[in-house]
Amino acid sequence: MKKVHNFSAGPCILAPTVFEEASQAILNYNNTGLSLIEMSHRSPEFVAVMEEARNLVKEILSVPDGYTVLFLQGGASLGFLEIAYNMMREHKKGGYITTGAWASKALKEANFMGEGVVVASSDDKNNSYIPKGYTIPSGLDYLHYTSNNTIFGTQFKEIPETTVPLVCDMSSDIFSKPIDVSKFDIIYAGAQKNLGPAGATLFIVKDTILGKSSVAIPTMLNLETHAKKDSMFNTPPVFSIYASMLTLRWIKSLGGLTEIEKMNNAKAELLYAEIDRNPLFKGTVAKEDRSYMNATFVLTDETKKDAFDKLWNDANISGIKGHRSVGGYRASMYNAMPIESVQVLVDAMKTLESK
Ligand SMILES: *Cc1c(COP(=O)(O)O)cnc(C)c1O
């Protein structure tokens, strides 16, 4: 099999050992003679997987007592609605920092329940920066933000200061660095950006929010339903959870998030240094707000496009075409991407310059 350097924004690259072990589990799970995906989700084997996955999330993120870890379905996109249902209380208002397409989609869902209020936005400059120095109005039930803007390539470097409950969509940077979970009421993330295959959505929920909504919540959207049943109210996405558990074991084996962060910093710094050095390229967002997961950049001379596209194609690079709303290129460097692959991309950029 030829080595492909996969810079896809999601579904994304996972560690080679995760692919190997997950493949084996499909054929014969732990010598049970059964595939992982044909056994009961209530079997002792799968219950143990779910337990380990939830415990590893707590251990790796140092989740304090008083939080429940859930693996649900529907992606972060259903999460947008689940947030509104579970967090809207007396005011029926949620505040949103709109820094990109996903943040705006989250805001839209809030309006199905109550009112989504834009607290700060970077929509005026095509989401090329993270808003700062805004004031948060009173009368909100919660504040929602998107920690990493997968499409536009910006990332919050600080957790927003607020006195209202804080909710964060961390789909594309969860497990990329340590975070202070105690600052949040809900953290949620689709698995397929930095954790596992699509199918599962991770929720980390402060127990005090459960059962506090002022409206009747449909059963499947009610986080309390799932918390009471340990994520087993209905059939969970067993394969996605299993592969996520393998990824969590892999993160732990590498030394946890402090080590992962060092690796991610080295990769991002390598690529951004070349974007800034090479006169043929420029970044598309404010430097201080650059994402360490998804780097967005464009050519300064569009006539070089065919030459550059040939260079990276020939180097077996895949998935770096920019999102249509930004254009140019987007290199996603999730946890499992080795720095060697980033070096291959940097070499292609250097070769274009020397031609
Ligand atoms: C990909 C992505 C989503 C959407 O996730 P789904 O699981 O496909 O619903 C939401 N938010 C962010 C930040 C994303 O990167």
Side-chain angles (χ1 to χ4, degrees), residues 6-14 70-85 94 96-110 112 116 121-123 127-131 143-157 159-160 166-177 179 184 186-204 220-221 223 226 231 236-237 239-241 243-244 247 264 285 289-296 319-326 330-337:
N6 182 13
F7 287 86
S8 169
C12 79
I13 182 172
L14 296 171
L70 302 170
F71 283 97
L72 308 182
Q73 297 182 72
S77 298
L78 188 63
F80 302 156
L81 186 60
E82 290 168 311
I83 295 306
Y85 263 105
Y96 285 76
I97 306 179
T98 54
T99 47
W102 296 118
S104 296
K105 285 184 174 172
L107 168 74
K108 181 171 175 237
E109 297 307 295
F112 283 104
S121 174
S122 57
D123 290 351
N127 301 122
S128 60
Y129 69 102
I130 297 291
L143 178 70
H144 177 284
Y145 78 109
T146 311
S147 54
N148 182 68
N149 298 291
T150 327
I151 292 175
F152 293 92
T154 61
Q155 186 173 28
F156 280 76
K157 306 292 164 178
I159 297 174
L166 188 60
V167 176
C168 188
D169 172 3
M170 291 193 189
S171 291
S172 54
D173 68 353
I174 195 156
F175 298 114
S176 69
K177 58 182 182 186
I179 45 167
F184 298 89
I186 300 183
I187 291 169
Y188 66 110
Q192 73 277 12
K193 302 282 165 51
N194 213 8
L195 184 57
T201 322
L202 173 67
F203 272 76
I204 304 172
M220 278 295 285
L221 299 182
L223 296 175
H226 302 287
S231 292
F239 183 70
S240 177
I241 295 168
S244 297
T247 297
N264 287 333
V285 305
D289 300 326
R290 282 173 164 175
S291 167
Y292 274 34
M293 294 280 99
N294 316 93
T296 48
I320 64 160
K321 205 170 155 306
H323 190 271
R324 61 188 178 282
S325 51
V326 184
R330 170 175 53 169
S332 299
M333 300 169 283
Y334 296 114
N335 287 347
M337 164 146 296

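None of these values were measured; they are calculated from a predicted model. Read the numbers this way: they start at 1 and go in the same order the structure lists the ligands and their atoms. Every heavy atom of this structure was used, including side-chain atoms; hydrogens, water molecules and symmetry mates were not.
- Here's the thing with T150: one of its N/O atoms is less than 3.5 angstrom from an N/O atom of ligand 1.
- Partner T99 forms a side-chain contact (heavy atoms from CB on, under 4.5 Å) with one of F156, Y145, Y129 and no other, that one being F156.
- Taking every non-hydrogen atom of Q192 and a distance limit under 4.0 Å, the qualifying atoms of ligand 1 come out as 5 (O), 6 (P), 7 (O), 8 (O).
- With 3.5 Å as the limit, one finds a donor-acceptor pair spanning the side chains of N294 and Y334.
- Polar contact with ligand 1: present for A76 (N/O pair, distance under 3.5 Å).
- Classification of the Y188-F203 ring pair by plane angle, with boundaries at 30° and 60°, yields parallel.
- Among protein heavy atoms, atom 11 (N) of ligand 1 sits closest to D169 OD2, 2.6 Å.
- Surrounding NZ of K321 are at most 12 heavy atoms belonging to other residues, nucleotides or ligands under 6.0 Å away.
- Distances below 4.0 Å separate heavy atoms of T146 from the following atoms of ligand 1: 13 (C).
- A distance of 5.5 Å separates OG of S244 from CZ of F71, quoted to the nearest 0.5 Å.
- In this structure, the protein non-hydrogen atom closest to atom 9 (O) of ligand 1 is S77 OG, 2.6 Å.
- When the options K193, M170, K105, M293 are ranked by their closest heavy atom to atom 14 (C) of ligand 1, first place goes to K193.
- Between the side chains of D173 and S147, at least one donor-acceptor pair of N or O atoms lies under 3.5 Å.
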